[in-house]
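Have a look at the structure below, then the notes.
A quick note: this is a predicted structure, and the numbers were derived from the prediction, not measured. Computed from heavy atoms alone, side chains included, the values below leave out hydrogens, waters and symmetry copies.
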Amino acid sequence: MAFACASHVRRLLLLHPGTGAPARSFYAQPYQAKVGVVEFLNGVGKGVEAHAAKLEEAVGGDLQRLLETRTLRLKKLGVPCKHRKLILSFAHKYRLGLWKPPAEARKAQ
């Protein structure tokens, strides 16, 4: 009984079995100091950065205007549906403070 309880506690504390060390480590990634439209789109990755010039011209280089942009405007600019969804999703996370563009751009997949 005590052994079963100890294994549950170990799992709850996220300890690596046998060593007592944390099983997961969360290292802070370096973030962009200044975030603009291009840096934001490069941080999103997945091919979205191909629309950087078009979007920067449309919003005047202002990240705040990109964060307020709606899907219909992105559609009129010729951004495909999958990329619109990514931009809007990451913009929402950025506004809430849950995501920041990393210093290294993500690779397109």
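Of all heavy-atom pairs between P101 and V35, the closest is CG-CG1, 3.8 Å. The nearest pair of heavy atoms linking R84 to T71 is NE-OG1, 3.3 Å. Between A58 and L77, the closest heavy-atom pair is CB-CD1, 3.6 Å.
Under the 4.5 Å side-chain heavy-atom criterion for ILVMFWY residues, a single connected hydrophobic cluster contains both L88 and L86. Linking Ile, Leu, Val, Met, Phe, Trp and Tyr residues whenever their side-chain heavy atoms come within less than 4.5 Å places Y94 and V59 in a single cluster. A continuous path of Ile, Leu, Val, Met, Phe, Trp and Tyr side chains, each step under 4.5 Å between heavy atoms, connects L74 with L63, placing both in one hydrophobic cluster. Linking Ile, Leu, Val, Met, Phe, Trp and Tyr residues whenever their side-chain heavy atoms come within less than 4.5 Å leaves V48 and V38 in two separate clusters.
In the displayed structure, E57 atom CD is contacted under 6.0 Å by at most 12 heavy atoms of other residues, nucleotides or ligands. More than 12 heavy-atom neighbours from other residues, nucleotides or ligands sit within 6.0 angstrom of NZ on K54.
With rounding to the nearest 0.5 Å, the separation of CZ in R95 from CD in E68 is 8.0 Å. One finds the NZ atom of K46 at 11.5 Å from the NZ atom of K85 (value rounded to the nearest 0.5 Å).
Among the candidates L55, T69, V44, the single residue satisfying the side-chain contact (heavy atoms from CB on, under 4.5 Å) test with I87 is L55.
Using a distance-only test at 3.5 Å, with no hydrogens or angles considered, no donor-acceptor pair links the side chain of E56 to the main chain of A53.
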